[in-house]
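All values below were derived from every heavy atom in this structure, side-chain atoms included, with hydrogens, water molecules and symmetry-related copies excluded. No experiment lies behind these values; they were computed from the predicted model shown.
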There are 2 protein chains.
Amino acid sequence: MTKRQSDTTQSLLNALPDTNAPIYARLKSAILENIGSSTWLPEQRLPSESEMVKALGVSRMTVNRALRELTSDGVLIRQQGVGTFVAPKKAHSSLFEVHNIAQEIADRGHKHTTKVVELQTVKANTDQALRLGLRTGERIFKSTLIHFENQHPIQLEQRIVNTTLAPNYVEQDFTQLTPFAYLNKVAPITEGEHLVEAVIPNAAEAEQLAISTHQPCLQIKRRTWSGQTIVTSARLLSPGHLFQLFGHFGRP
Amino acid sequence: MTKRQSDTTQSLLNALPDTNAPIYARLKSAILENIGSSTWLPEQRLPSESEMVKALGVSRMTVNRALRELTSDGVLIRQQGVGTFVAPKKAHSSLFEVHNIAQEIADRGHKHTTKVVELQTVKANTDQALRLGLRTGERIFKSTLIHFENQHPIQLEQRIVNTTLAPNYVEQDFTQLTPFAYLNKVAPITEGEHLVEAVIPNAAEAEQLAISTHQPCLQIKRRTWSGQTIVTSARLLSPGHLFQLFGHFGRP
DNA sequence: ATTCATGTAATGTCTATACAAGTTAAGCAC
DNA sequence: GTGCTTAACTTGTATAGACATTACATGAAT
């Protein structure tokens, strides 16, 4: 006389991946899957540890580890004596995204295009090596792009890239996928750093952006990490009152 | 015939706090203490789990939990079959600091002073409540300050603050300690969000900053979190080419 | 000398159990 | 009904032991 699983427990079992990863990791995956697919909603209660133990046939310490780690990541909320719940939607969840100019332009209902000015492999000079945490003379990728919004140039993007983390960088078609999007795909961002100032463009930059050298620009120098390694260092130059959004790079 | 502890194990025992916190938490504290005080240096090897088990008289799972959590925090590096090590100094550690205008001015060898324009308790309007993740009508603190560098106004700071996390905010003397420094002391920052744009000040703001309404300013809207709660939301307005630095808020 | 096998040590995972501590609801005394 | 006690359930922590996986050093066989 087996008692039927609750729907919540059943959806947990359904989402269990069939890999050879450790049990606790598969349980974490299954929980994240249910939350990510909105099968489990914010504030919703999860099965208790003992229910999971019975349903999965594993020990409580294993279940406990999965739940504890997800709690530490802010995915779940646990209260002693009460239960485990999907964490409420964060007030700033929509701001977790990092600035992506293509998306931003699309959000405004405008058309985004890109012109690739330069895309090649070079040897790092001292400054470039410092920015990427490499040694002078090591091979790096270097690119220069101009982003257009409805035919108007709105951002100049100069970027250097770590070759080990993105070995196929120079073969990409950046008129289709922005460097940022590509890099975040091959080496997901875990941390970032921004340096922002208002600057005056030099003559070449002003020409590329089709503005005068008196027009103040917002300059962002951004470095992004994937784990402990620096993926890329970029300098973004945008004339006028362009709106910029920076987030903290958290879980997706 | 007791074998003498290694120096590393001994310094671990010495740093064990005498609280009634859980064992694993006290072990974490002791390890962090040794790293923080540079008793243990980056790359240095820690005692193995079994050594700690013997030295502390606890079970291996308890030691394992402490080490695993510190590894997840990036404090330690573990390698199966080899050992546990203090994590190498991060390449970008010096950029972990968040922008602090007083420090920045001091770094330039200039004198920083503050004028408190406004400091009071108000009821949150809809916009303010949204920014702090509260409900309209709840009590919040509100402050307006002007920062001076050698008698020149260089930044206008408008800020609202969560009363529950910083109940004594309005009693502080912000000519001595900046609101940012005070808030970071009472509710340490764990996350932040920035909105940056180049704007033109309105007449009142231009007057407070002693500039013309044609002078472009860098506007930063910053919100900071302590855990899951929003501590404060600030709007910083700086004329000219002021240099701004944003970091990722990591462990201290 | 080189290669291979083996043993040792270290971390990684998992189990079964135990007790502590917080929460909630039912039931009892009044 | 009110208030208290108690029981059941939940999460938090800790233990002792087991086996797996990885790395490395040592020594044997070639």
Side-chain angles (χ1 to χ4, degrees), chain A residues 3 5-6 8-9 12 16-31 40 43-88, chain B residues 3 5-6 8-9 12 16-31 40 43-88 227-228:
Chain A
K3 192 178 158 200
Q5 309 284 3
S6 75
T8 309
T9 303
L12 182 66
L16 263 188
D18 190 19
T19 65
N20 59 356
I23 303 177
Y24 81 92
R26 285 162 55 201
L27 178 51
K28 283 175 72 175
S29 293
I31 293 169
W40 295 350
E43 318 262 2
Q44 180 174 339
R45 179 167 186 177
L46 270 67
S48 73
E49 292 190 352
S50 58
E51 286 180 78
M52 292 195 191
V53 164
K54 271 186 289 185
L56 304 180
V58 300
S59 89
R60 192 185 145 217
M61 282 306 291
T62 303
V63 172
N64 182 268
R65 174 170 177 181
L67 296 178
R68 184 152 39 79
E69 291 188 2
L70 289 176
T71 302
S72 149
D73 291 343
V75 177
L76 301 177
I77 303 282
R78 315 195 75 195
Q79 195 181 356
Q80 194 176 61
V82 182
T84 305
F85 305 85
V86 178
Chain B
K3 192 177 159 202
Q5 309 283 3
S6 75
T8 310
T9 303
L12 181 67
L16 263 188
D18 189 21
T19 65
N20 59 355
I23 302 177
Y24 81 93
R26 285 163 53 200
L27 178 51
K28 284 175 72 174
S29 293
I31 293 169
W40 295 350
E43 319 261 2
Q44 180 174 339
R45 180 170 184 173
L46 270 66
S48 73
E49 292 191 351
S50 56
E51 286 180 78
M52 291 195 192
V53 164
K54 271 187 289 186
L56 304 180
V58 301
S59 88
R60 193 183 145 219
M61 282 304 291
T62 303
V63 172
N64 182 268
R65 174 170 179 182
L67 296 178
R68 183 153 39 80
E69 292 187 2
L70 288 175
T71 302
S72 150
D73 292 343
V75 177
L76 302 176
I77 303 282
R78 315 195 76 195
Q79 196 179 357
Q80 194 173 23
V82 183
T84 305
F85 305 85
V86 178
Q228 310 286 314

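No donor-acceptor pair closer than 3.5 Å links the side chain of B/T62 to the backbone N or O of B/V58. Between the side chain of B/R45 and the backbone N or O of B/V86, no donor-acceptor pair lies under 3.5 Å. Between the B/E69 side chain and the B/A66 main chain, no donor and acceptor come within less than 3.5 Å of each other. Between the side chain of B/S72 and the backbone N or O of B/R68 there is no donor-acceptor pair closer than 3.5 Å. B/R26 places a side-chain N or O within 3.5 Å of a backbone atom of B/P17 that can act as its donor or acceptor partner.
Note: CZ (A/F85) to C1' (D/dT11) measures 11 Å, nearest angstrom.
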Heavy-atom contacts, protein to nucleotides 12-20 of chain D, under 4.0 Å, summarised as B (base), S (sugar-phosphate only) or - (none) per nt, yield BBBBBBB-B
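Side-chain contact between B/L12 and B/I31: present, with at least one pair of heavy atoms (C-beta onward) separated by less than 4.5 Å. Between A/T8 and A/E51 the shortest side-chain heavy-atom distance does not fall below 4.5 Å. Counting only heavy atoms from C-beta outward, the side chains of A/L16 and A/L56 approach each other to under 4.5 Å. Side-chain contact between A/M52 and A/T9: absent, with no pair of heavy atoms (C-beta onward) separated by less than 4.5 Å.
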Can you give the dot-bracket line for DNA chain D, where a pair is Watson-Crick or G-U wobble with both atom distances under 3.5 Å, crossing pairs use [ ], and | marks a partner on another strand? ||||||||||||||||||||||||||||||
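By the 4.0 Å N-to-carboxylate-O rule, B/E49 lies too far from B/K54 to be salt-bridged with it.
Where DNA chain C meets chain A (any atom under 4.0 Å from a heavy atom), the bounding nucleotides read 5' to 3' are C/dT13 to C/dT23.
OP1 and OP2 of D/dT10 both lie 4.0 Å or more from every side-chain N or O belonging to A/T84.
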